Structure formats: structure tokens, C-alpha cells
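Chain identifiers are assigned alphabetically (A, B, ...) following the order of the sequence lines, protein sequences preceding nucleic acid strands; residue numbering begins at 1 within each chain. Since this is a predicted model, take the numbers as computed values, not measurements.
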Protein chains: 2
Amino acid sequence: MNKQASGDGTVGKALDILDMVAEIGRPVRFSDLLEQSPHPKATLYRFLQTLTNQGMLKYDGERQTYSLGLRLVRLAHQAWAQSSLAPLARLHLEALAVETGETIHLAQMENGQVLFIDKCRSSNRFDTLAQAGRIAPAHCTGVGKAILAHLTPERFDRAMSHQTYLKFTSATHDTADGVMAEFDQIRAEGVAYDREEHEDGIISIAAPIFTQSGRVIGAISIVSSTSRRSLEDLTAFKPQLIETAGKIGAEASAWQFPS
Amino acid sequence: MNKQASGDGTVGKALDILDMVAEIGRPVRFSDLLEQSPHPKATLYRFLQTLTNQGMLKYDGERQTYSLGLRLVRLAHQAWAQSSLAPLARLHLEALAVETGETIHLAQMENGQVLFIDKCRSSNRFDTLAQAGRIAPAHCTGVGKAILAHLTPERFDRAMSHQTYLKFTSATHDTADGVMAEFDQIRAEGVAYDREEHEDGIISIAAPIFTQSGRVIGAISIVSSTSRRSLEDLTAFKPQLIETAGKIGAEASAWQFPS
DNA sequence: ACAAAAGTTCCAAATAATGGAACATGATAT
DNA sequence: ATATCATGTTCCATTATTTGGAACTTTTGT
């Protein structure tokens, strides 16, 4: 799923191991990692030791497994708080959640995928990293398509050239052309829809967030399930959604000038 | 605040830079980091370049500043979800928040400090003090003292030998002896109190979480402010607090055997 | 008790990191 | 406009770190 050797020397190799552990998604044994890693035994062993010493991995001596360490949680909190988008969007998301009674997502692109930065449910008031930090493919989510449709060709290629258009449901567009065919309409209408393209029964309507200079920096979406809402129901929220995205963009412009 | 050279070669040095950026807490310029870092200009420059390529840092070309990158958010989400404590504690925290009407914190020790792993509030009225991933000193917080009082001498030394007992409020115990004087009572009573020792106006009652083998693995607390509750009010919740901590510990025991 | 697998250590060779110094860029003053 | 200073970037011979095959130890399975 991730690209080839990212290069960047020893540090890059070490960080790739973190991704590997994250992707497996459960505590892993040394031998499990050894199969997947390009490194010989001794090299991998030393990396794991270093990362564990550093708190980036946690070693469970009883079960002899490695999992991701708490230092990441600490750092990510700062990353989130320093982000120019998430903290200031918070209040707007909450307002929209209350107004619609549905779940609101805030997402950005990261490395060709959609990264959920925040999530707000009207019925449920906890915040945690469990909700932020999830990733999803861009080609089959509302927020993903809302962002992709407004990228310059260069940024689009950089994001998607190494991605595969996996088919998750019968509605997923699993080719680049199939996805791009929607872009004109998304740009014209101002919102993108997810019509059960990522998960059966889950639909969403998403609006891109722009800086004042017109660059897409993220997207927000109203997410629901077919059992509760129809796509038409969500369409009714379009004005509020677009307005909220506009407000967030305006506030973010004072802060954010992405390279 | 953090210790001396952590060693661990090139990877360790690179990760130290992330901590440095996190500690500063705002986007930083190259020259700001140069002052604080032990590295010469060219070396630091290369580290920042590598970390930026890797997505651990984000470079803002317009303002020429570095901040922590989104890759950390992605990884931390997995770290949280893989953690043996946080996901399973979730429901218990929520129940306690509803029952008490106050904010509930879940915390673990990390590197001599208290790391807040999850947080649950019953109402939206107040902006929360600590979000997941936030850190605080151990010696002056309820959760910190609840954990410290039940550490073995070896684990206590490992955790606290490099910590300074900073004084935050007039109530803070700013010596090791002052903090340890409370430990007998904490162990006898089963809970620790924060009597405005970290922040004026903020109080809490905290209970340690044990595995079935009797090892402390974290703590939960009920947090309030002096304007809403007295310490006696919180004490009234002691039975529920201890019971909840017990449940979490029992469930965690099936999973967690820390090294 | 034995064999096989998994995990750990060692060290000479290979490689990547280092940092002083030169070079570029941009801001501010003259 | 030109000089001056501060900041950021590149170069490359030297140096220090990483590398990984192989030997060794421990654990697991039969």
C-alpha cells in the first residue's frame, strides 16, 4: 500500500517500521515483522530496540509483541493542536452536528489518502484521538472526492499516482477515469456525495474547504446511514454545509499558507 | 525538561527534534531550533529536511516554519487503538461521566510524566483542560499521585529520578518528600486527591487501575472546579470511582502484561 | 531429552552521517 | 542602487554509525 523505499536514510527506514506496525493493526511479534520487512534479522532487531527505547514502540515482555508507543500519542496531540485547521474548526463542526443531528467529519489529504482530523457526533460528547487519525481511501469517500476534484493536476498526480483504486462496494468507482468523471459535477455543485462507495449503508455529503487564495486544504462532511437518511435528506443540508466550510476556510486563511 | 542525550544513534537524534518542536508548542523557524539544538547548522538542516519528507514535520513555505506533521496523527490513532487500556475503558468512563456530571480522565505514566489517554465529559459547557495526548507532571495531579503511590521503588525511581518537582500553585508539594508523605494515606484510602496543586481552582479525585497481578497500569479521575464542587462533593463519588477503576483493571488484565 | 525455531550478540566491512566552510537569498540600512 | 547583516542551503572529504552474516543463546514444540 505504501510506496517504495522512501529513502531518507536511517531515519526513514526506522519510521517505515512504525508504519508497518500501524498497518498490521495489532501487536506483532518480531518474526511477523521480519517476514514483511526488507531488513535482515540483526538489522530489524536493532531498529525495534531503538524505537522501543525511544518510546515510539512499546514492547510487551509477556507476549513478546511490539505495538505503537505512547510517545506518538503525546506528539500527535501537539500536532493536532498546532494544525492550522482542526482547532479552529471544532466549534463549527459542533454547531453543524447539532443542527443536522448527524456525524460531522473533518478531513485532510495526507500522502494520497484521506486523514480524518476530527469528528463530531451530536449524540455523543467525547473527544479523543480514537476519532481523529483514521485514514480512508480518497477515491471512494465524500471528503476525498471533494478535495480531489479541486486539486491542481500536479497536486492530483502527486497524491494519486501511487494509489490503487480498490473496489469496496458495488458502487465504488474503481478506476481513475470513473472517479474523475464526477469532478465536473462536484465543482459545479460545490459538494461531493458518497453513495455507499466505501461502506454499504453509509452515505455522506461533503464540501471542500478553501483558503482565500482558492487552494483546497481539506473538507467537511455530513455522514449518515441509509437506514436513517436518504441522500435527498442530506442534500437538504447543502447550504449549511457549504456555509460552514466557507467559514472554516476564511478563519484558516489567516493562519494557513500551505507550501 | 527532557533528559540528556537519549543515545540511540541517528534515529534518536531525529526523534529528539520532534520533541523539541512539540515542547515549543508553536510553529518554529529554523533559527529558533538552531539555538536549542546541539547540532550544527548543516546537520539540523538535514534532519528537518528528512523529517519533513517523512511527514513527521510539516513545513510552511510561506511563513518558513516547521510544525508537527499529520503522519503523527495517523500513527497515534493506531497507538491509541492498540493500547490495551484506552479502548476498553471507554464505556466505563462514559458511564461515570453521566453518573457524576463531571469530567473523567484516564491517564498512564509515560517517561516520568502523566499522559492523558482519554477524557470524557458529560456536558459541552466547559472547554476541557486536558485532551488525549496531553501531558502533565505526576507529582501534582490526582492521577499522577494515584499511580506513583503504588509503584515499586524501582519503578518509582525510574520514573521520577530525572523529574523536577516544579511548584505550580501555592498548594503544590515541590519536594519528593512532600509528595511521598501522602503515599501511605493514598494507599490506605484507595484514592488520591488533587487539591488545586496543579492549577488554581481545579480539584480531582483519582483511583489507580491495577492488573489482577497487582501492578498499577494507570488511573482514572473525576475532575471538577472549586466553583462547582467542593472536595467533599468529590469524595462522595469515591465508591463509584473505585468500582470503575476495578472493572477497567479486571478487563485490562485479560490483555495487558506490561514489561 | 532432543530438535527446530525464535531471539540476541558480535564485529569487520560498507555506508551513511557529519560539520566546517563556501555559497545563496532576502531583509535592512546607508 | 549598493553594502551589510542575518538567515537559509549546498558541498564534500572526513568520521562515525549502521550493516548483516554468522555464531550463539533461549524458547518452543514433540
With the side chain of P40(B) defined as its heavy atoms from C-beta on, choose the nearest nucleotide among dG20(C), dG8(D), dG21(D).
dG20(C)
With nearest nucleotide decided by heavy atoms, which residue, D32(B) or Q64(A), maps closer to the 5′ end of DNA chain D?
D32(B)
Roughly how many Å is it from CD in E62(A) to P in dT27(D), rounded to a whole number?
13 Å
R29(A) has a side chain; which of dT18(C), dG7(C), dT18(D) sits nearest to it?
dG7(C)
Can you measure L33(A) atom CG to dG7(C) atom P for me and round it to whole angstrom units?
10 Å
Whole Å only: how far is the NZ atom of K13(A) from the C1' atom of dT17(D)?
11 Å
Residues R71(B), E110(A): salt bridge by 4.0 Å N-O rule
no
Any idea which of dT19(D), dG8(D), dT9(C) is nearest the F47(A) side chain?
dT19(D)
Output yes when at least one side-chain N/O atom of Y45(A) is less than 4.0 Å from OP1 or OP2 of dT8(C), else no.
yes
For R29(A), does the CZ atom sit with more than 12 other heavy atoms under 6.0 Å from it, leaving out its own atoms?
no
Should the pair E251(A)-K247(A) be classified as a salt bridge under the 4.0 Å nitrogen-to-oxygen rule?
no
Please report the distance, rounded to the nearest Å, between CG in L34(A) and C1' in dG21(D).
14 Å
Have a look at D118(B) and tell me which of I220(B), L85(B), L106(B) forms a side chain to side chain contact (heavy atoms under 4.5 Å, CB included) with it.
L106(B)
Of the options dC11(D), dT17(D), dT9(D), whose atoms approach the side-chain atoms of T10(B) most closely?
dT17(D)
Ignoring hydrogens and geometry beyond distance, is the side chain of R46(B) in donor-acceptor contact with the base of dG19(C) at under 3.5 Å?
yes
Rounded to the nearest angstrom, tell me the gap between atom CD1 in I17(B) and atom C1' in dT18(C).
13 Å
Between A138(B) and L148(B) the two heavy atoms that sit nearest each other are CB-CD1, 3.8 Å
For the side chain of K41(A) and the base of dG7(C), is some donor closer than 3.5 Å to an acceptor across the two?
yes
The helix from dA1(C)-dT30(D) to dT30(C)-dA1(D): angle between terminal helix axes, five bp per end, to the nearest 10 degrees, reads 50°
Atom CD of E35(B) to atom C1' of dA6(D): distance rounded to whole Å?
12 Å
Looking only at dT7(D), dT8(C), dT9(C), the nucleotide nearest the S31(B) side chain is dT7(D)
Of V11(A) and Y66(A), the one whose closest DNA chain C nucleotide lies more 5'
Y66(A)
To the nearest 0.5 Å, what is the distance between NZ (K167(B)) and NE2 (H139(B))?
9.0 Å
Taking atom P of dG7(C) as reference, at what distance in whole Å does atom CG of L44(A) sit?
10 Å
Scanning both residues in full, the closest heavy-atom pair of A14(B) with V11(A) reads CB-CG2, 3.7 Å
Grab the CG-C1' distance between D8(B) and dA17(C) for me, whole Å please.
16 Å
Look at all strands and tell whether T43(B) reaches a base, only sugar-phosphate, or nothing, counting heavy atoms closer than 4.0 Å.
base
Parallel, tilted or perpendicular, judged at 30° and 60°: which one describes the rings of F183(A) and F156(A)?
perpendicular
